[in-house]
Amino acid sequence: MIMATRKSTIDLILGRLGHAGRFTARPMFGEYVLYADGRPVAHICDDALFVKILPESSALEPHCEWAPAYPGSKDHYLVPEALITAARDLPGILLRIASALPLPGSGKKAPRTSGRTRS
């Protein structure tokens, strides 16, 4: 059974990220997309945070499982709640991801990742 993300989860994540105005969440397809500096860096689905797997987010590797954010999506880092509430470097990781991505609708493609697979 699929459950929708609660508003309290969005508020918790945005509150923990801080950096007023740099992080926003917008509803999309029944769940949420998390933006950093106007660029999509993660999904919030089923009350869980799924961060894009990119070289800029590799610091999450030892702490997170890989999982699809929604059926048919690419794998993302599934960030445990303890990391959301305790990690001071999570906002920096998300901002580094944002700096590597083009603004939505800019027509420019994001840099290709190494295509690495998890062993």
Side-chain angles (χ1 to χ4, degrees):
M1 177 178 183
I2 296 176
M3 59 185 238
T5 297
R6 295 172 295 181
K7 177 75 167 99
S8 61
T9 300
I10 302 302
D11 294 341
L12 171 77
I13 292 171
L14 291 175
R16 293 295 179 178
L17 293 174
H19 299 276
R22 295 192 76 180
F23 293 102
T24 57
R26 296 184 196 148
M28 186 171 291
F29 306 116
E31 292 291 352
Y32 290 83
V33 175
L34 178 67
Y35 292 83
D37 292 337
R39 294 169 172 91
V41 295
H43 295 276
I44 305 169
C45 302
D46 295 334
D47 284 324
L49 178 63
F50 295 87
V51 175
K52 288 186 177 199
I53 297 174
L54 296 171
E56 293 77 13
S57 60
S58 64
L60 295 174
E61 180 75 28
H63 310 286
C64 300
E65 296 179 25
W66 287 26
Y70 51 88
S73 80
K74 294 180 181 180
D75 279 344
H76 289 68
Y77 289 124
L78 173 54
V79 181
E81 186 176 344
L83 194 61
I84 295 169
T85 58
R88 287 185 240 155
D89 57 342
L90 186 58
I93 291 168
L94 296 173
L95 291 169
R96 283 191 295 280
I97 293 170
S99 69
L101 299 173
L103 282 170
S106 70
K108 295 181 182 178
K109 296 244 179 204
R112 300 261 322 153
T113 59
S114 64
R116 112 192 150 132
T117 59
R118 187 174 196 151
S119 45

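Contact annotation: the side chain of E61 approaches that of W66 to within less than 4.5 Å [non-hydrogen atoms, C-beta and beyond]. In this structure, the side chains of V51 and L34 stay at 4.5 Å or more apart for every pair of heavy atoms. At least one side-chain heavy atom of R22 sits under 4.5 Å from a side-chain heavy atom of L95.
Here the closest non-hydrogen pair linking L83 and L90 is O-CD2, 4.5 Å. Between D47 and T5, the shortest heavy-atom distance links the atoms N-OG1, 3.1 Å. Closest of all the heavy-atom pairs between S57 and I97 is CB-CD1, 3.6 Å. L78 and A48 make their closest contact through CD1-CB, 3.7 Å (heavy atoms, listed as atom of the first residue, atom of the second, distance). E56 and I93 get closest at one heavy-atom pair: O-CG2, 3.8 Å. Looking at every heavy atom in both residues, A36 comes nearest to F23 through CB-CE2, 3.5 Å.
Taking OH from Y35 and CG from L14, the interatomic distance works out to 13.0 Å, rounded to the nearest 0.5 Å. Here H76 contributes atom NE2 and L60 contributes atom CG; the two are 12.0 Å apart, rounded to the nearest 0.5 Å. A distance of 13.0 Å separates CZ of R96 from CG of L101, quoted to the nearest 0.5 Å.
Y32 pairs in a side-chain contact (heavy atoms from CB on, under 4.5 Å) with only one of the listed residues (I10, T24, I13, L49), which is I10.
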Walk me through it: do H43 and Y70 pass the test side chain to side chain contact (heavy atoms under 4.5 Å, CB included)?
CA-CA 9 Å; H43 295 276; Y70 51 88; 3.9 Å; yes

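Transitive grouping of hydrophobic side chains (ILVMFWY, heavy atoms separated by less than 4.5 Å) keeps V41 and F50 in distinct clusters. The hydrophobic clustering, which links ILVMFWY residues whose side-chain heavy atoms are closer than 4.5 Å, places L12 and Y77 apart.
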